[in-house]
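Counting starts at 1 for both ligands and their atoms, in listed order.
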Amino acid sequence: MHVAHLSLADFRSYARVEVPLDPGVTAFVGPNGQGKTNLVEAIGYVATLGSHRVATDAPLIRLGAERAVVRTGIVRDGRTTLVELEINPGRANRARINRSDNVRPRDVLGLLRTVLFAPEDLALVKGDPGERRRFLDELLTARAPRLAGVRQDYERVLKQRNALLKTAAAARRSGGGKGADLSTLEVWDGHLARAGAELTAFRIQLVAALQPLVAQAYEQLAPGGGETVLEYRSSFEGTLPTSREEAEQQLLAALQEARQQEVARGLTLVGPHRDELGLKLGPLPAKGYASHGESWSYALALRLASYELLKGDGGEPVLILDDVFAELDARRRDRLAELVAGAEQVLVTAAVPEDVPKALSGARFAVADGAVTRLDS
Ligand SMILES: Nc1ncnc2c1ncn2[C@@H]1O[C@H](COP(=O)(O)OP(=O)(O)OP(=O)(O)O)[C@@H](O)[C@H]1O
Ligand SMILES: [Mg+2]
């Protein structure tokens, strides 16, 4: 698939901009702070309904404006779908698909698939477990949009269960009323185990599917650079479940076991929100041991593997490479360029033209002073 045009109103630094796009490679080049990332961030938003840079929508609205509008035409198998998103901070966002507004923003998920590489990806390797959980969950949602609902259910149940535990912990400290709270807790254990087990089982499957693809991508980027191993680690002791049912039983048992501690601390201590995706390079964990360059290659390999996986499902994703080439040495830069050059659509941003590898020749836009101008190639 590819994006045939992007049009923004009051999104980030843009009052208004129209960018016609073709399949193949398109590079956006311009000095720092001119709005290159803002463009690709908007495309990523249509794919995921979120930004890769910020957790909330507010920064996406142009300073002084009330709402932002992102419009794209998405071409898949020769058919174009128009998607319009109105981003309203503090109020519900609105969506239109092919000019019909009888849809929810959620219905937009799955229409556009992207894999976005960005400097922030280093956190996949060096950052907290939450970064890696988010990576898995976002990829799950890209593959099966209905899992967005499973994620939301789990988050909601977790929040309510935590609130209950907090009250129980407070009641215990003040010395009364804990019995009643604990019986309600059991009902929430069931809800948490059900939603949590589904998420866990899908994540474990995903990690197994990613493993060979990450190993292959890493070897291509850094030949002889070591073996990558992905390990899903549960937040409690025991072997990983092989089915959703098994995951549910295990989680229920783990909740029973953690009960005392959870009530004492007023917090849910087991479940997919505390699981970890372990990344190893050779015998060592990548986090805390891998070099800067190795960490970068690992992060790129995770994104390349995501691309391969989504492509294998049908519906080749649009590749977005935001400012990544400047971070790499010449050899890795060329290898990455070769690996992505054949994709249906590749969008690249760079501060200077020299940072766009030769293998990625194609359309060029200059980005400066709020304008995006097509350059003759
Ligand atoms: N909500 C907003 N309203 C107005 N301006 C904004 C908003 N959000 C970001 N900006 C501006 O957009 C600019 C950043 O744009 P962007 O991140 O796209 O730059 P860039 O071209 O990718 O730069 P670099 O090469 O440094 O990555 C900043 O000058 C910032 O002040
Ligand atoms: Mg940028």
Chemist: Tally of protein N/O/S atoms under 2.8 Å from the Mg ion (ligand 2)?
Modeler: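 For the Mg ion (ligand 2), the figure is 1.
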Chemist: Under a heavy-atom criterion of less than 4.0 Å, does Thr349 contact ligand 1?
Modeler: no
Chemist: Looking only at heavy atoms, which two atoms of Thr228 and Leu281 are closest? And how far apart?
Modeler: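 For Thr228 and Leu281, the tightest heavy-atom pair comes out as CG2-CD1, 4.0 Å.
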Chemist: Would you please test Asp153 and Arg194 for salt bridge (Lys or Arg N to Asp or Glu O under 4.0 Å) and show each step?
Modeler: CA-CA 10 Å; Asp153 286 350; Arg194 209 166 313 123; over 6 Å; no
Chemist: Which residue supplies the protein heavy atom nearest to atom 25 (O) of ligand 1, what is that atom called, and how far is it?
Modeler: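 The closest one turns out to be Lys36 NZ, 2.8 Å.
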Chemist: Here's a test for you: under side chain to side chain contact (heavy atoms under 4.5 Å, CB included), which of Leu302, Leu206, Leu147 qualifies with Leu139?
Modeler: Leu206
Chemist: What protein heavy atom lies closest to atom 29 (O) of ligand 1? Include the residue and the distance to one decimal.
Modeler: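 Sorting protein heavy atoms by distance from atom 29 (O) of ligand 1 puts Gly33 O, 3.4 Å first.
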Chemist: Atom 15 (O) of ligand 1: which protein heavy atom is closest, and how many Å away?
Modeler: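 The closest one turns out to be Asn38 ND2, 3.1 Å.
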Chemist: Looking only at atom types and distance, does a side-chain atom of Ser100 sit under 3.5 Å from a main-chain N or O of Asn102, one as donor and one as acceptor?
Modeler: yes
Chemist: Where is the nearest protein heavy atom to atom 5 (N) of ligand 1: which residue, which atom, and how far?
Modeler: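 So the nearest neighbour among protein heavy atoms is Ser13 CA, 3.6 Å.
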Chemist: Compare all side-chain heavy atoms of Val17 with those of Ser7 and state whether any distance is below 4.5 angstrom.
Modeler: no
Chemist: Check each atom of ligand 1 against the heavy atoms of Gly35 and keep those under 4.0 Å away; list them by number with element.
Modeler: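 The atoms of ligand 1 under 4.0 Å from a heavy atom of Gly35 are 15 (O), 16 (P), 18 (O), 19 (O), 20 (P), 21 (O).
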Chemist: Among all protein heavy atoms, pick out the one at the shortest distance from atom 26 (O) of ligand 1; state its residue, atom name and that distance to 0.1 Å.
Modeler: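 Residue, atom and distance for the closest contact: Asn32 ND2, 3.2 Å.
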Chemist: Among all the protein's non-hydrogen atoms, which is closest to atom 22 (O) of ligand 1, and how far away is it?
Modeler: Thr37 OG1, 2.7 Å
Chemist: Out of Asp323, Val29, Leu63, who gets a non-hydrogen atom closest to atom 3 (N) of ligand 1?
Modeler: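 Answer by nearest heavy atom: Leu63.
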Chemist: Taking the side chain from Lys36 and the backbone from Pro31, do they hold a donor-acceptor pair closer than 3.5 Å?
Modeler: yes
Chemist: Side chain of Tyr14, backbone of Gly35: donor and acceptor closer than 3.5 Å?
Modeler: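 Judged by distance alone, yes, a pair lies under 3.5 Å.
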Chemist: Can you list the ligand 1 atoms lying under 4.0 Å from a non-hydrogen atom of Gln34?
Modeler: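 What qualifies from ligand 1 is 19 (O), 20 (P), 21 (O).
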Chemist: Need the ligand 1 atom indices (1-based, order shown) with element for anything under 4.0 Å from a heavy-atom of Pro59.
Modeler: 1 (N), 2 (C), 8 (N)
Chemist: For Asn88, is there any backbone N or O sitting under 3.5 Å from a side-chain donor or acceptor partner on Arg67?
Modeler: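 Checked: no pair found.
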Chemist: What I'd like to find out is whether the side chain of Asp355 reaches to under 4.5 Å of the side chain of Val29, using heavy atoms alone.
Modeler: no
Chemist: Measuring only between side-chain heavy atoms, which start at C-beta, is Phe325 closer than 4.5 Å to Val356?
Modeler: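 Sidechains of Val356 and Phe325: no contact.
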Chemist: Mind listing the closest non-hydrogen atom pair of Arg303 and Leu116 along with its distance?
Modeler: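 Closest approach of Arg303 to Leu116: NE-O, 3.2 Å.
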Chemist: Among all protein non-hydrogen atoms, which one is nearest to atom 17 (O) of ligand 1, and what is the separation to 0.1 Å?
Modeler: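 Checking every protein heavy atom, the shortest distance to atom 17 (O) of ligand 1 gives Arg53 NH1, 2.8 Å.
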Chemist: Atom 4 (C) of ligand 1: which protein heavy atom is closest, and how many Å away?
Modeler: Arg12 O, 3.4 Å
Chemist: Any chance CZ of Arg233 has more than 12 other-residue heavy atoms, nucleotides or ligands included, within less than 6.0 Å?
Modeler: yes
